[in-house]
Amino acid sequence: MPSPHTGRFAPSPTGPLHLGNAWAALLGWLWARSEGGQFALRIEDLDAARCRPEWVDLLRRDLDWLGLRFDGPVVFQSQRGEAYQRALEQLASPGRVYACFCTRAEVARAATAPHGAADDGPVYPRTCAGLDAADVRLRSRTRTPALRFAVAAGPVRFVDAAQGPVVQDVQATVGDFVVRRNDGVPSYQLAVVVDDAALGVTHVLRGDDLLGSTPRQIQLQRALGLPQPMYAHVPLLLGPDGKRLAKRGGPPTLSEMREARLLPERLVGLLAGWAGLSDGRPMPAAALVEQFSLAHLPRAPVQVDAAQVRATLQQLL
Ligand code: GLU
């Protein structure tokens, strides 16, 4: 019998893990374990310019320190090129992708998970949608095209386990989006969809900065004939300045806490307190499995008090 719930944590190894990553990892892990499910680790390392193997080693140690155990082998997106290529071919035969010669700057961000509507830029005006095969051949001589997915018209609706009903018209808000950059790298949207299906992921918990990507991913799932997981987009942790936590310059990173010999139970306690699962008392992740419920999550973003975090850290020094 397959597990009723397979979740995953999918960090991009572009820097040390911060509290926001720990928050998503812990909540995703608890959701899976509370339903007797599996939880996988996937390394989203397609953006070779920004990802480094050192960060992978570090994040694995940090997650282990936090008390999170993963099932199955760790999946690296950088090793899954063939699966993405097959998906692109599958989209090409019914004409759901087309070559796009628009500038690199416009498409460069496509391999990285976008964070907020502003990252998505303007709706793509379908400049290249009308090119015929001869145009494409001619232009390809001087410039390698990106590939864009021709999105379907009409609203995409789904019920998010944390946010409730969501509706987005992808054509009106994003337009045809990049599924392969012109340097050959598959986009975040394509890789996530292919990998979630290949891993048998049934439940996706992630920060609500990615809520706006989900309708695009659902459109890709439909076009590729893949199942749609259940989504839970959880509120973000914000820094004291009200901005989303960055990998640098915010409260201590997980490795800093680990190296300062903080008891991981203290960090888990803090996170659980913010998630409405406990009063913030130190406790191991495993002790929270039984009481976990998405219903306790706050509705609004959680503003992290860096002083509180540092004070928690200091107590142990
Ligand atoms: N790799 C993405 C990030 O670190 C997360 C992608 C996802 O959970 O779908 O923001």
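We use all heavy atoms of the structure for the numbers below, so side chains are in, but hydrogens, waters and symmetry mates are not. Atoms within each ligand, like the ligands themselves, are counted from 1 in listed order. Predicted model only: the values in this text are computed from it and were never measured.
- If you check the side chains of T144 and N182, you find no donor sitting under 3.5 Å from an acceptor.
- Salt bridge status for R33 with E35: absent, with no side-chain N to carboxylate O gap under 4.0 Å.
- Using modelled atom types and a 3.5 Å distance limit, the side chains of H203 and T6 yield no donor-acceptor pair.
- Here is the list of ligand 1 atoms found below 4.0 Å of a heavy atom in R206: 7 (C), 8 (O), 9 (O).
- Only the side chain of R8 comes within 4.0 Å of ligand 1, counting heavy atoms alone; its backbone N, CA, C and O stay farther away.
- Listed by atom number, the atoms of ligand 1 under 4.0 Å from E44 heavy atoms are 1 (N), 2 (C), 5 (C), 6 (C).
- For the pair D45 and R52, the salt-bridge criterion is not met [side-chain N within less than 4.0 Å of a carboxylate O].
- Below 3.5 Å of separation, one finds no N or O of V192 facing any N or O of ligand 1.
- Side-chain contact of D195 with Y84: a donor-acceptor pair under 3.5 Å is present, judged by distance alone.
- In this structure, Y188 has a heavy atom closer than 4.0 Å to ligand 1.
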